[in-house]
There are 2 protein chains.
Amino acid sequence: MKHRFSHQRALIRKILTDYKGHLSAEEIYERVLKHEPSMSLGTVYRNLHVLEGMGEIRKLMVKEKALYEGERKPHHHIICTRCGMVKNVYKPAHLKCEKCLSWVHDFTVEEAFITAYGVCKQCKK
Amino acid sequence: MKHRFSHQRALIRKILTDYKGHLSAEEIYERVLKHEPSMSLGTVYRNLHVLEGMGEIRKLMVKEKALYEGERKPHHHIICTRCGMVKNVYKPAHLKCEKCLSWVHDFTVEEAFITAYGVCKQCKK
DNA sequence: GTGCATGCAAAACCTTTGCACCCCG
DNA sequence: CGGGGTGCAAAGGTTTTGCATGCAC
């Protein structure tokens with residue numbers, strides 16, 4: 001299916017790329033309404049799905065909740081088990097994660113993500 | 001809160017440890033009914049949550065669906081993006097994943113999981 | 001004009017919860 | 001016996017979908 005330009009999709013995409021973090025569908029919807037008060041929540045979900053399929057955004061689950069992010073550079077996530085904070089970390093190129101799994105047989109790794117759980121600086125105080 | 005023994009919880013736990021794979025809540029419920037036809041789905045969910053909190057089972061999201069597994073040895077997951085197959089992989093001890101992230105500052109990594117996406121042997125044929 | 005995209009609202013889906021009763025410790 | 005555990009069913013939150021209309025191409 002060929003996708004056609006829509007103002008709504010562009011706005012959602014912009015919100016996510018501008019916001020350097022992780023937002024839930026509801027939070028995205030709130031921000032959307034400030035610019036396009038008539039957009040519906042259904043459209044937000046539809047476009048999040050499309051954008052995810054196009055590889056423009058990434059979806060992740062944190063504490064049972066779905067979050068979306070617009071960061072396109074390869075990265076991994078560290079998640080604080082106390083406050084739920086999610087932060088991106090960028091591996092030096094020579095530590096590429098796919099290599100960590102090069103010994104896996106009968107499977108062609110295309111992408112590999114690390115999700116690390118622990119305690120952040122703030123919560124450790 | 002102290003947990004007390006229940007046949008229901010023991011059964012769910014056994015189903016997951018015996019089954020070397022990944023099951024959804026509904027699939028677990030189906031298997032439960034063969035042994036305990038009176039158990040309710042609510043009890044399955046309640047116990048999955050308790051067992052997860054006790055660290056006896058692990059929950060993961062694959063293609064928007066929740067799956068549970070009883071494997072307790074540290075491991076990572078490879079997921080086929082075509083058929084949805086999930087397989088456990090066990091890293092040699094000297095490649096422990098936490099070390100991959102030792103350069104991360106201001107965060108104490110307790111556990112780190114790799115989720116690798118790619119194409120499995122079957123789908124590649 | 002064609003048919004993907006949208007707004008709206010209903011529906012589907014998965015999971016949680018309130019309540020009265022049960023039973024482990 | 002006290003309080004966690006259960007069955008049942010209703011409710012909850014999130015996400016999807018049908019339909020008529022709108023708009024990109």
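So you know, we letter chains A, B, ... as the sequences are listed, proteins then strands, and number each from 1.
- Of the residues in residues 45-56 of chain A, A:Y45, A:R46 come within less than 4.0 Å of DNA chain D through at least one heavy atom, sorted by number.
- Considering only heavy atoms from C-beta on, B:R72 comes within 4.5 Å of B:E56 through its side chain.
- Tested against B:H22 for a side chain to side chain donor-acceptor pair (under 3.5 Å), the candidates B:E69, B:K65, B:R58, B:K87 yield a single pass: B:E69.
- Among the protein residues, A:K2 comes within range of the sugar-phosphate backbone only, with heavy atoms under 4.0 Å from sugar or phosphate atoms but none that close to a base.
- Using a 4.0 Å cut-off on heavy atoms, none of the residues of residues 21-36 of chain A approach DNA chain C.
- Considering every non-hydrogen atom in both B:E27 and B:L23, the closest pair reads OE1-CA, 3.3 Å.
- Every residue was checked against the ring-ring contact (aromatic ring centres under 6.0 Å, His included) condition with A:H7, not counting sequence neighbours, and none meets it.
- By the ring-ring contact (aromatic ring centres under 6.0 Å, His included) test, A:H75 is found to be paired with A:H77, A:Y90, residues two or more places apart in sequence or in another chain being considered.
- For the pair A:T43 and C:dG7, the criterion of a side-chain N or O lying under 4.0 Å from OP1 or OP2 is met.
- Residue pairs meeting the ring pair (Phe, Tyr, Trp, His ring centres under 6.0 Å) criterion with at least one member in residues 29-63 of chain B, sequence neighbours excluded, do not occur.
- Residues B:T43 and B:I12 approach most closely at O-CD1, 4.2 Å, considering heavy atoms.
- Not a single donor-acceptor pair under 3.5 Å links the side chain of B:R9 to the backbone N or O of B:R46.
- If you measure from atom CG of B:L41 to atom C1' of D:dA11, you get 15 Å, rounded to the nearest angstrom.
- The side-chain heavy atoms of A:M54 and A:L51, taken from C-beta on, include a pair separated by under 4.5 Å.
- Here D:dG12 presents its C1' atom at 15 Å from CD of A:E64, a figure rounded to the nearest Å.
- Residues from residues 3-19 of chain A placing a heavy atom under 4.0 Å of any atom in DNA chain D, listed by number, are A:R4, A:F5.
- The side chain to side chain contact (heavy atoms under 4.5 Å, CB included) test with A:C80 is passed by exactly one of A:K121, A:K124, A:Q122, A:M85: A:M85.
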